[in-house]
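These values consider heavy atoms only, across backbone and side chains, with no hydrogens, waters or symmetry-generated copies. Letters go in sequence order (proteins before strands), and every chain restarts at 1. Small disclaimer: the values here were computed from a predicted structure and weren't measured.
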There are 2 protein chains.
Amino acid sequence: MPASDDKKAGKRVRVTIIDVAAKAGVHVSTASRALSQRKDHRISASVVRKIERVAEQLGYRPNLLASGLRTQRTGSIGLVVPNLGDPLFAPIIASVQERAAQNGYVTYVASSDYKPDKLLSIIEIMSRQSVAGLVVASFDLQDPAADRCLELDIPTVAVLRDPCHPGLSSITMDDESGVREVVEHILDLGHRSIVYITAPLAASTARNRLAGFMAVAEREAAAGCRFDVIEADTYDIEEGERVMGRLIGSGLPWTAVICFNDLLAVGALVALKSAGIACPDQVSVTGVNNLPFVSLLSPSLTTLHNAGREIGLQGADLLMTLIENGDNAVRRVLLPSRLVRRDSAGPAPPTLAAAGPGRSDQGQRAVRRQRTRPSARGGVSGQHVGAGG
Amino acid sequence: MPASDDKKAGKRVRVTIIDVAAKAGVHVSTASRALSQRKDHRISASVVRKIERVAEQLGYRPNLLASGLRTQRTGSIGLVVPNLGDPLFAPIIASVQERAAQNGYVTYVASSDYKPDKLLSIIEIMSRQSVAGLVVASFDLQDPAADRCLELDIPTVAVLRDPCHPGLSSITMDDESGVREVVEHILDLGHRSIVYITAPLAASTARNRLAGFMAVAEREAAAGCRFDVIEADTYDIEEGERVMGRLIGSGLPWTAVICFNDLLAVGALVALKSAGIACPDQVSVTGVNNLPFVSLLSPSLTTLHNAGREIGLQGADLLMTLIENGDNAVRRVLLPSRLVRRDSAGPAPPTLAAAGPGRSDQGQRAVRRQRTRPSARGGVSGQHVGAGG
DNA sequence: ATGTCTTGCGCAAACGTTTGCTCTTGACAC
DNA sequence: GTGTCAAGAGCAAACGTTTGCGCAAGACAT
């Protein structure tokens, strides 16, 4: 009774279930059962009503720390992305958070800054917070962090980048066939000297997009086409400018540049503009991701639409089933990407185009097989793929 | 001993401080003190070393739920933004998370979707998770959620939008003088019929930017200038298109449009382009925020640079001192915004400009005082401010 | 009237920490 | 040789829940 008065007097003491039980004249276990979500609680309706009324009246707010401690399960999940500033991750963050919230979960977010050890330490920290599960968008291939998630027994879904770990489910885009479609499109436009700017090959996205590029390159080996690959060190606009700057000064022949992502492509456009090279009249540029603003640029960017929101929703959904059903089946979902044709990719300029007009032309240049699984990161950096002769 | 064996046998039992203490041959309280951060723990160095070694060896990971329950303080904070997809909030999320992590905190994020009741429920949920503090970027003016934060005794910092609550600290941009600078710039360019597209006036940002516009409008009342205000319903590009479309069809005279933010401005540019109106040759457009991509548009957007990252860093820093020092002094930090002159704002077209060339010209049009604190949201929607005669 | 079942609720342990207090021990001064 | 003190470590309570178990009382069949 006096304790109850303390609360009402505003002494800023958190009201617990003990207070509720006391005021309702029942045992705390009864109050707990009555307030529980599970409705198999063997408590008479009248008592439930009374307890609910008292709880409401006292402003009872359950302490989820205590609850989580007792039940070994919490209402929070973690989301790790490589870069919180990259607009690519905004829809993923938004959709994961949204879907988690719909299921009663709150979401921690953290940025790994593309560093595997930072990812490891984030996982460590989140595990100490007893997260119920993890959505990770920053796994490298063979990432030790993937093993760690399984060791720690944390339900985990990989999104966007697949570590290709036998025990982990993933939701990713079909990068390989996406980029293949881009290259086909560029070939259809008549281009015969094509450069692909890849990202560091630590991530599955980079490998798979490169594989898509190489697949077409190999097939067109005998068709008089030239394919080169340059490796960018980061993923941002500035790096796109730098790489394109190097390419312009390299003396390589090319009329089209396919970029790993939109940001590199935008940087490439900037570099082209300042070099006075017209896009798409002289050269074509494409990106990947279809970031919200690339349709507004001049020229508007031809790119692959990657459904970040869909990835986030499906990733969160999958995590929920992992958590709540204890379902351990490993799923690998591949979402289709869609080519968005805009202005930055146009017909190859006749004067600069390679040999003939048709794709089936005989050519003297062959594509040398590019290792798509090089052991070291810098494997293809600046390397010339389509060797002369 | 057998219990210890269980752990080593990989029975997936979480190793607790009890296990560590047992294996080290000390009492659990001793282990707790030895592993504690606070170094005033009266435990001999040799024992500390032994316990640390055992903890390492067993792979002990402290349970922060238990710790938080006992100590009434946790290592997590919450961050609420109105829209996780809006690029405006990316640097704020990134910087708050970064600074929080530096201080050993993990960060929950959630989106209020611009809905006050959703904000309230988020605060409720986060409070149940016992967050140590809150950074909120989605307060409305006089937001009841602000009261709630104080009732719940949660250290809270308002960023970007100031609820103007006497008990809450805030870190915001100096919106009023920023927009004033924009209007001055537009006037300097010779424009004499200016439209301001405001956002819904629930937020301090909208009020303050409108106040900046109105301040100049009043001052220039006698100078033959015309000032109109239109209210947008949301903050996105599509709404910018719609509003600009209405403006174009309205028959109002104007040569410059100052937009509440970049997204509306970009939408305005889109609408202008599809209406065949040239920017900046025929009309000028400005935004606010200097989003990363607006420098790349054609025309590049004249805007105010708002330092989202700085807001986040200062907001997080302030929250840390609130949490750790129990410091209750209310601070209101106003960060300066900076005009970024680009191509979307150019000289007023001579043929369309109002009366004379100079700003000091006498004019017959006066600006009617716009209520800057209307009671209802729709107060100025589509309203003509600078009345004729 | 006795026995079995079901319903409704109380009892108390447990989740994994932290921390005020107590106790022991050895150092030191008197 | 007794007393004081500080250092180092153990004891046990507490944080706020949840839940297996037990118990009482009523329903029902025998």
Would you mind telling me which of [options] lies closest to the side-chain atoms of [X]?
X: Thr30(A); options: dT19(C), dG16(D), dG10(C); answer: dG10(C)
X: Arg42(B); options: dA7(D), dG10(C), dT7(C); answer: dA7(D)
X: Ser44(A); options: dT17(D), dG8(C), dG8(D); answer: dG8(C)
X: Thr16(B); options: dG16(C), dG10(C), dT17(D); answer: dG16(C)

Restricting to side chain to side chain contact (heavy atoms under 4.5 Å, CB included), what partner residues turn up for [X], sequence neighbours left out?
X: Ser76(B); result: Tyr108(A), Thr74(B), Val106(B), Tyr108(B), Val131(B)
X: Ser121(A); result: none
X: Ala31(A); result: Ile17(A), Ala21(A), Val26(A), Ile51(A)

Write down the protein N/O and nucleotide N/O pairs, taken from nucleotides 22-24 of chain C, whose separation is under 3.5 Å; answer none if there are no such pairs.
none

Nearest whole Å is fine: how far is [N] [atom2] from [X] [atom1]?
X: Ile18(A); N: dA14(D); atom1: CD1; atom2: P; value: 11 Å
X: Ile43(B); N: dT19(C); atom1: CD1; atom2: P; value: 13 Å
X: Lys50(A); N: dG8(C); atom1: NZ; atom2: C1'; value: 13 Å
X: His27(A); N: dT17(D); atom1: NE2; atom2: P; value: 14 Å
X: Arg14(B); N: dG16(C); atom1: CZ; atom2: P; value: 8 Å
X: Leu35(B); N: dA9(D); atom1: CG; atom2: P; value: 14 Å
X: Ile17(A); N: dC11(C); atom1: CD1; atom2: C1'; value: 15 Å

Of the options Ile323(A), Thr321(A), Leu322(A), which is the one that meets Asn325(A) in a side-chain contact (heavy atoms from CB on, under 4.5 Å)? Thr321(A)
Option passing side-chain contact (heavy atoms from CB on, under 4.5 Å) with Ile77(A) (candidates Thr156(A), Leu319(A), Leu134(A)): Leu319(A)
Near DNA chain C, which residues from residues 59-67 of chain A have a heavy atom under 4.0 Å away? none
What residues form a ring pair (Phe, Tyr, Trp, His ring centres under 6.0 Å) with Tyr114(B), not counting sequence neighbours? Tyr235(B)
Show me the pairs that pass salt bridge (charged side-chain N to carboxylate O under 4.0 Å, His left out) and involve residues 119-129 of chain A, at least two apart or across chains. Glu124(A)-Arg128(A), Glu124(A)-Arg148(A)
Pairs meeting criterion salt bridge (charged side-chain N to carboxylate O under 4.0 Å, His left out) with involvement of residues 47-69 of chain B, two or more places apart: none
What about Arg33(B), does its side chain sit under 3.5 Å from the base of dG20(C) through a donor-acceptor pair? yes
Would you say Ser170(A) and Asp162(A) are linked by a side-chain donor-acceptor pair, where the criterion is simply a distance under 3.5 Å? yes
For dA14(D) and Gln72(B) - does any side-chain N or O of the residue sit under 4.0 Å from the phosphate oxygens OP1/OP2? no
Assert: residue with more 5' nearest nucleotide on DNA chain D, out of Arg73(A) and Ala45(B), is Ala45(B)
Heavy-atom nearest nucleotide on DNA chain D for Ser29(B) versus Thr71(B): which residue maps closer to 5'? Ser29(B)
Only counting residues at least two apart or in another chain, list the ones meeting salt bridge (charged side-chain N to carboxylate O under 4.0 Å, His left out) with Glu98(A). Arg309(A)
Regarding Val28(B), tell me which of base, sugar-phosphate or nothing describes its non-hydrogen contacts under 4.0 Å with the strands shown. base
